[in-house]
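To start, the structure itself, in structure tokens.
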Amino acid sequence: MDITAAVARDPAGPFTLETVQLDDPRADEVRVRIHAVGVCHTDLVFKGAALIAQPAVLGHEGAGVVEAVGADVTRVKPGDRVAISFRSCGHCARCDSGDAAYCYDMPLLNYIGMRPDGTKTIHKGDEHISSNFFGQSSFATHALTYERNLVPLPADMPFELAAPLGCGIQTGAGGVMLALAARSGSSILITGGGAVGLSAVMGAVIRGCTTIIVAEPMEARRDLAVTLGATHVIDPNEEKDLAEAVRAVVPKGVDYAFDTTGHGAVLNGSVAALAPKGVLGIVGIPAPGTPMPGDLGALLTLGQTVRGIIEGDADPAAFIPELIAHWKAGKLPLEKLVRTWRFAEINEAIVAQHHGEAVKVVLTL
Ligand code: CXF
Ligand code: ZN
């Protein structure tokens, strides 16, 4: 069928809105009419570095209404309201133990821009367009996806707040609540006050962390961090030594650090800010070649951990409903992060976000 998609054709250029053709659902596929889609930094990294061949349709925080299902689909039906998260196989050792984010087929099912059999889901005439990104490619009016991507939404959950639960919010909140499993009364440093970092703040509050330090250069985001429960903020432009600034608050170092920046210097500062037995969780995408932060001898001596975290360690089917319950209870005020634009304004929205005019861009259709 004909759909409208925001196509990435030039790593440095804008997305172009084009009429393209989406395959009919295969037996295991679900077509969702997209009503809202968040823009995650990963979309922009994949576009800017052409990590999948262009032309490409990106987008991996879709939400909308199921429109058609393949013959083998049993868990959703047309008319269901859904959020679309990442794809996992559902039958490997990791999926079996609830670690869907570390599915053995995670790269194949999410990052290669095509179905695992090499076919694309989107074409424009004879042109094959990279698609199936995160098993969805939801920068479009419609997306083909899979049962395991989908999380049912209650009638009172707006699509524009549900969409970013699929990646960014889940990554930040899950990173602290599940991956670090931050203890009540503990201290945490969160580097970067974008959507993921601020979701980590909300997660830290939910877990009962009593010292929540956010390092972020934009004043408006530092202010928002405080509104959400940060106890201390650091302006990296003022405080050149991150660890020193943290230790001015917590002399023995923090129990946890959570990095959303991927910057080598920030990562090194975060390790240096850790207490003995402290844990640094990394979700920001580092530039290729960025070394492991810290010093191995110190890590050994102090019993510290540095670990990568994907999608907050979450199994979306279990964790997104939990996040929705926190939102309903007023503990996850997503509306403070989200700003909406119409889908056709995707390029303007991304520029605005770059200038700090929005924390989380969500496009509505
Ligand atoms: C990202 C996390 C870092 C590796 C690429 C995919 N996931 C979500 O945006
Ligand atoms: Zn993402």
Side-chain angles (χ1 to χ4, degrees), residues 6 8 34 36-52 56-63 83-88 94 99-113 130 132-139 143 145 148-149 151 161-176 178-179 191-192 194-200 203 258-264 266-267 280-290 292 306-316 319-320 323 334 337-338 346 349-350 353 358-363:
I34 300 295
V37 56
V39 177
C40 175
H41 185 60
T42 298
D43 296 309
L44 307 180
V45 170
F46 269 71
K47 175 175 177 290
L51 295 183
I52 56 178
V57 176
L58 300 161
H60 62 284
E61 292 184 341
I84 317 177
S85 191
F86 64 91
R87 188 177 180 201
S88 55
R94 293 293 172 272
D99 268 330
Y102 307 97
C103 171
Y104 288 167
D105 283 339
M106 188 77 181
L108 195 65
L109 297 176
N110 291 277
Y111 309 145
I112 64 170
S130 292
N132 213 237
F133 186 56
F134 277 76
Q136 51 180 294
S137 285
S138 44
F139 284 164
T145 186
R148 281 186 60 82
N149 290 68
V151 181
L161 298 185
L165 295 175
C167 184
I169 310 293
Q170 169 169 264
T171 296
V176 174
L178 305 174
T191 44
V196 176
L198 293 176
S199 299
F258 186 74
D259 181 71
T260 71
T261 74
H263 291 163
V266 176
L267 289 161
L280 164 64
I282 298 174
V283 299
I285 305 177
T290 304
M292 278 287 288
V306 175
R307 63 155 295 193
I309 301 169
I310 292 294
E311 299 290 344
D313 274 10
D315 181 344
F319 192 55
I320 290 181
L323 291 178
L334 300 167
L337 268 53
V338 167
I346 180 170
I350 290 167
Q353 184 179 44
V359 175
K360 184 75 201 181
V361 167
V362 176
L363 308 168

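None of the values given here were measured: they were computed from a predicted structure. Order of appearance sets the numbers: ligands from 1, and atoms from 1 within every ligand.
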Roughly how far, to the nearest 0.5 Å, is the [atom2] atom of [Y] from the [atom1] atom of [X]?
{"X": "Thr42", "Y": "Ile285", "atom1": "OG1", "atom2": "CD1", "answer": "3.5 Å"}
{"X": "Asp99", "Y": "Leu178", "atom1": "CG", "atom2": "CG", "answer": "10.0 Å"}
{"X": "Glu311", "Y": "Ser88", "atom1": "CD", "atom2": "OG", "answer": "10.5 Å"}

Listed partners of Arg94 passing salt bridge (charged side-chain N to carboxylate O under 4.0 Å, His left out), at least two apart: none
Can you name the residues that form a salt bridge (charged side-chain N to carboxylate O under 4.0 Å, His left out) with Asp43, not counting sequence neighbours? none
Let me know which protein residues bring a heavy atom to under 4.0 Å of ligand 1; chain then number is fine for ordering. Cys40, Thr42, His60, Tyr111, Phe134, Cys167, Ile285, Ile310, Glu311
Please give the atom name: the N, O or S atom of His60 nearest to the Zn ion (ligand 2). NE2
Between Gln170 and Ser85, do the side chains contain an N or O donor and an N or O acceptor separated by less than 3.5 Å? yes
By ring-ring contact (aromatic ring centres under 6.0 Å, His included) - contacts of Phe134 (at least two apart): His60, Tyr111
Presence of N, O or S from His41 under 2.8 Å of the Zn ion (ligand 2): no
